[in-house]
Protein chains: 2
Amino acid sequence: MPTASDFERLLRGASLRVTAPRIAVLSAVHSHPHADTDSIIGVVRQNLGAVSHQAVYDVLRALTGAGLLRKIEPQGSVARYEARVGDNHHHVVCRSCGAIADVDCAVGHAPCLDASDDHGFAIDEAEVIYWGSCPECTTAAKSS
Amino acid sequence: MPTASDFERLLRGASLRVTAPRIAVLSAVHSHPHADTDSIIGVVRQNLGAVSHQAVYDVLRALTGAGLLRKIEPQGSVARYEARVGDNHHHVVCRSCGAIADVDCAVGHAPCLDASDDHGFAIDEAEVIYWGSCPECTTAAKSS
DNA sequence: CGCCTTTTCTGGAATGAGTCAAGTTAATGA
DNA sequence: TCATTAACTTGACTCATTCCAGAAAAGGCG
């Protein structure tokens, strides 16, 4: 678990100003991977007291733009954020409860970037989402 | 381009009632792949006259559930629908203009379904979205 | 062919994530 | 410390999607 000064270094490294809301958001996302915006707001307020939701939205956008956070939004879910960036990993999403887990890329290093026919697009990223049923929901479904 | 009676057969095959809005929606999605809900409503109204947006939403959900349509919603975009189902293809999305194109699966037949570590999830589908820049936007960016 | 049940469609109101805008506050760098 | 500029607050607002209750139509059956 990184400390506040680690986060401060991260922010400075991205030439972003160091403010309490930003550190709180970074910390919240680090300790709650795949959390949605609302939960993040909750965690941040628990640490800092009153913080406007607007500030959290702004911070999330700034940090996502700077590459410190990654935004994911699987179908039917609101936006979620995670702190693992730059390691090209993917996600499994449970169809029934929405749980999300990380999955390292199956084939090796940044592999899935090959489309059979790219229609002239300049492709810079391949995003993979695996859909299925998490262990809990699988068990629950069997016993019913 | 399938005809109205083709769509009727599709609907009956899925044991869904055959109604004008449903045929119009099917037809609209077939002729406008990757259209968002609003455009679909527009096309349907052009063919049928007044149709409530609610009916279109209901129809889209029913058809998606029956497997006649597929819903896709890339980040930052509203829901879009397409009629190509059951052939495990993926999409390229342009980061700047949002254009979407189809991409057949890179490695062969339902290939990407292997995650390195599935965390106990029972995975039934792998969804791949390639991000990049479409030919138009690539050209526009160079000339600026 | 016409009735009955069930599903679908209409119209309008409601929900909720996310955005906009204007003004205030605070971090940074000289 | 002071000026500059980015970040935060407040509050209203947008817009896709959903909910609700009543009207209409589809399909099955006599």
Side-chain angles (χ1 to χ4, degrees), chain A residues 4-5 7-28 34-45 47-66 68-69 71-81 98, chain B residues 4-5 7-26 28-29 34-45 47-66 68-69 71-81 98:
Chain A
S5 54
F7 294 135
E8 184 175 340
R9 224 168 301 126
L10 272 175
L11 287 169
R12 293 199 190 281
S15 26
L16 290 171
R17 294 193 176 176
V18 178
T19 66
R22 291 187 169 178
I23 293 184
V25 167
L26 268 177
S27 158
H34 311 134
D36 60 81
T37 313
D38 231 46
S39 322
I40 295 172
I41 293 178
V43 175
V44 168
R45 289 201 174 136
N47 295 339
L48 285 189
V51 178
S52 65
H53 72 154
Q54 185 63 47
V56 176
Y57 275 102
D58 283 352
V59 169
L60 286 173
R61 185 159 19 172
L63 297 184
T64 305
L68 300 185
L69 294 183
K71 181 179 186 180
I72 52 184
E73 33 184 331
Q75 303 211 179
S77 170
V78 297
R80 290 159 182 282
Y81 294 85
Chain B
S5 53
F7 293 135
E8 185 176 339
R9 222 168 302 127
L10 272 176
L11 288 170
R12 293 196 192 283
S15 26
L16 289 172
R17 294 199 175 170
V18 178
T19 67
R22 291 187 168 173
I23 292 184
V25 167
L26 268 177
V29 175
H34 311 136
D36 61 80
T37 314
D38 232 45
S39 323
I40 294 173
I41 292 178
V43 174
V44 167
R45 288 200 174 138
N47 295 338
L48 285 189
V51 178
S52 67
H53 69 152
Q54 184 61 49
V56 176
Y57 275 101
D58 283 352
V59 169
L60 287 172
R61 183 161 20 173
L63 297 184
T64 305
L68 299 186
L69 294 182
K71 183 180 187 179
I72 51 184
E73 34 183 327
Q75 304 209 177
S77 170
V78 297
R80 290 160 182 280
Y81 293 86

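For the numbers below, each heavy atom of this structure counts, side chains included, while hydrogens, waters and symmetry mates do not.
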From CG (B:D58) to OG (B:S52), nearest 0.5 Å: 7.5 Å

A:I41 side chain reached by A:V51 side chain, heavy atoms, under 4.5 Å: no

Whole angstrom value for the distance that separates P of C:dT8 from CG of B:L26: 14 Å

Please report how far the helix from C:dC1-D:dG30 to C:dA30-D:dT1 bends, comparing the axis fitted to its first five pairs with the axis fitted to its last five, to the nearest 10 degrees. 40°

Given side chains that start at C-beta, do those of A:L63 and A:L11 come closer than 4.5 Å, heavy atoms only? yes

B/S/- along nucleotides 18-24 of chain C (protein heavy atoms under 4.0 Å) is BBB----

Could you check if a side-chain atom of A:L60 sits within less than 4.5 angstrom of a side-chain atom of A:L69, using non-hydrogen atoms only? yes

Separation between NE2 (A:H53) and CZ (A:R45), nearest 0.5 Å, reads 8.0 Å

Does any non-hydrogen side-chain atom of A:L16 lie less than 4.5 Å from one of A:L10? no

Side-chain contact test, heavy atoms from C-beta onward, threshold under 4.5 Å: evaluate it for A:T64 versus A:R61 and give yes or no. no

CD1 on A:I72 to NE2 on A:H34, rounded to 0.5 Å: 4.5 Å

A:I40 versus A:V56: any side-chain heavy-atom pair under 4.5 Å? yes

Mind calculating the distance between CG (A:L11) and P (D:dA6) to the nearest angstrom? 16 Å

Determine whether A:R22 and A:R17 make a side-chain contact, defined as any pair of heavy atoms from C-beta on separated by less than 4.5 Å. yes

Under 4.0 Å protein heavy-atom contact, by nucleotide of nucleotides 25-30 of chain C - B base, S sugar-phosphate only: -BBS--

